[in-house]
Amino acid sequence: MREVPAVVALRSTDDTANGEWPPARPTVAAFDFDGTLTDKGSAFPFLVSLRGLLPVLRATLRLSPALLRAAITGGTAADGVKEQLFHRLLGGLSVAEVDRRSAVFAHRHLQRHLRADTRRRLEWHQRQGHYTVIVSASPECYVSPAGEELGADGVVATRLAVGGGGLLTGGYEGKNCRGAEKYARLVGHLRSRGLLSNKGGEQPVLWAYGNSRGDLRLLNAADHGVDAGRLGPLGRLRRFPRLAEVAASGE
């Protein structure tokens, strides 16, 4: 997949385009998945649903020093160790079987862990006719059916590479969809849907909802960045308005 530069601004640079005041601008609402739309991470439960608890615990134990460093440092270290874990547990599995079981997992995960407050906000955007998209570092194989169940217009997530015979390699196709890559992938997605111009001028209004440092680049790029985390003043996104505040304002 061709890399999309992450330097494109999603904020509008010409509010007087075509002599209209204000011009008709589409609105995009981008939601993180883990910890934002849901109340917990999904990758570990997903792996357990495919491989069972003991194999996942064994693989995690073998990678525990790297996982600990990744938890502290984040960034590319976290991306790399996540891919190592996927290599150990997903490599060689049939794509068709993984897709089938991913759809089942997505439905059950939403039933158990979907946050009511964030879902209400998603539904508010949908009632306004806004384009809603889930942007996640979790695997696309289950985030996509979750997005369909929630009625999202699009899903951007980490893709798993497929090798010969329709089997997963365990690696990523491209990069882990986190941080700057999350924003770059969203830019590419909106361009492919005709919602983002390559020529400047009128651009969509962007709302972005996240809960962790992996969402910081996306929220910084948005017209309206919203902290959907649970840590409040202790969280990495504390300078952004809180989800409850935005919802209470009626915007």
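- Looking at Asn176 and Lys82, their side chains come closer than 4.5 Å, going by heavy atoms from C-beta outward.
- Summarising the geometry of Leu206 relative to Ala30, their closest heavy-atom pair is CD1-CB, 4.3 Å, with the distance given to 0.1 Å.
- For the pair Pro204/Thr27, no side-chain contact is recorded, criterion being any heavy-atom separation below 4.5 Å from C-beta on.
- Using a 4.5 Å heavy-atom threshold, the side chains of Val28 and Leu190 count as touching.
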Given the rule in the side-chain contact (heavy atoms from CB on, under 4.5 Å) test, do Leu218 and Leu186 qualify, once you have shown the distances and angles that lead to the verdict? CA-CA 9 Å; Leu218 181 58; Leu186 176 62; 3.5 Å; yes
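- Between Arg62 and Arg88, the closest side-chain pair of non-hydrogen atoms falls below 4.5 Å.
- Between Arg185 and Val156, the shortest heavy-atom distance links the atoms CB-CG1, 3.4 Å.
- Using bins of under 30°, 30° to 60° and over 60° for the plane-to-plane angle, the ring pair Trp207/Trp124 lands in the perpendicular bin.
- Side-chain contact between Leu47 and Leu90 is present, with heavy atoms from C-beta onward closer than 4.5 Å.
- Note that CG of Leu37 is 8.5 Å distant from CG of Leu110, once rounded to the nearest 0.5 Å.
- Of the candidates Ser136, Ser138, Cys177, Cys141, Cys177 is the only one forming a side-chain contact (heavy atoms from CB on, under 4.5 Å) with Thr158.
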Dump the intermediate steps for side-chain contact (heavy atoms from CB on, under 4.5 Å) on Leu243 and Arg115, then the final yes or no. CA-CA 12 Å; Leu243 175 62; Arg115 285 176 54 177; 3.9 Å; yes
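- Looking only at distances, no side-chain donor or acceptor of Asp223 sits under 3.5 Å from a matching main-chain atom of Val205.
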Report the C-alpha separation of Tyr172 and His87 in whole Å, then their side-chain angles, then the decisive distance to 0.1 Å, and conclude whether the side-chain hydrogen bond (donor to acceptor under 3.5 Å, both in side chains) test is met. CA-CA 9 Å; Tyr172 303 143; His87 267 296; over 6 Å; no
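- In this structure, OG in Ser94 is found 10.5 Å from CZ in Arg101, a value given to the nearest 0.5 Å.
- Between Ser42 and Tyr142 the shortest heavy-atom distance is OG-OH, 2.6 Å.
- Aromatic ring pairs are classed by plane angle as parallel below 30°, tilted from 30° to 60° and perpendicular above 60°; the pair His125 and His130 is tilted.
- Looking at residues two or more places apart in sequence or on another chain, you find a salt bridge (charged side-chain N to carboxylate O under 4.0 Å, His left out) between Glu97 and Arg100.
- A donor-acceptor contact shorter than 3.5 Å is absent between the side chain of Thr169 and the backbone of Gly91.
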Please walk me through it: do Arg121 and Phe31 pass side-chain contact (heavy atoms from CB on, under 4.5 Å)? CA-CA 10 Å; Arg121 189 61 183 172; Phe31 287 81; 4.3 Å; yes
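- Of the candidates Arg108, His113, His107, His107 is the only one forming a side chain to side chain donor-acceptor pair (under 3.5 Å) with Gln111.
- To the nearest 0.5 Å, atoms OG1 (Thr36) and CG (Asp117) are separated by 10.0 Å.
- One side chain, Tyr131 or His189, offers a donor N or O that lies under 3.5 Å from an acceptor on the other.
- Without hydrogens or angle criteria, Glu149 side chain to Ser144 main chain gives no donor-acceptor distance under 3.5 Å.
- Under the 4.5 Å side-chain heavy-atom criterion for Ile, Leu, Val, Met, Phe, Trp and Tyr, Leu93 and Leu167 are members of distinct hydrophobic clusters.
- Tyr209 contributes atom OH, which lies 9.0 Å from atom NE2 of His224 (distance to the nearest 0.5 angstrom).
- Here the shortest heavy-atom pairing between Gly210 and Leu219 reads N-CD1, 3.8 Å.
- Val104 and Val155 are assigned to two separate hydrophobic clusters, defined by single-linkage of ILVMFWY side chains at heavy-atom distances under 4.5 Å.
- Asp153 contributes atom CG, which lies 10.0 Å from atom CD1 of Ile134 (distance to the nearest 0.5 angstrom).
- Residues Arg239 and Asp227 are not paired through a salt bridge, judged by the lack of any N-O separation under 4.0 Å between the basic side chain and the carboxylate.
- Contact check for Asn211 versus Asp32: side-chain heavy atoms found under the 4.5 Å cut-off.
- Considering OG1 of Thr38 and CG of Leu150, their distance stands at 10.0 Å, rounded to 0.5 Å.
- Side-chain contact check for Val95 versus Asp99: some heavy-atom pair is nearer than 4.5 Å.
- Formation of a donor-acceptor pair under 3.5 Å by the Arg217 side chain with backbone atoms of Lys182 is not found in this model.
- The backbone N or O of Ser212 lies less than 3.5 Å from a partner atom in the side chain of Asp215, making a donor-acceptor pair.
- Clustering ILVMFWY residues whenever any of their side-chain heavy atoms sit less than 4.5 angstrom apart, transitively, puts Leu57 in the very cluster that holds Val81.
- Scanning all heavy atoms of the two residues, the minimum distance from Gln203 to Arg25 falls at O-NE, 3.0 Å.
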Under the side-chain contact (heavy atoms from CB on, under 4.5 Å) criterion, do Phe44 and Thr60 qualify, and how do the steps go? CA-CA 10 Å; Phe44 189 85; Thr60 302; 3.9 Å; yes
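- Residue pairs meeting the ring pair (Phe, Tyr, Trp, His ring centres under 6.0 Å) criterion with at least one member in residues 148-167, sequence neighbours excluded, do not occur.
- In this structure, Leu160 and Leu168 approach most closely via the heavy-atom pair CB-CD2, 3.9 Å.
- Using a 4.5 Å heavy-atom threshold, the side chains of Arg178 and Arg213 count as separate.
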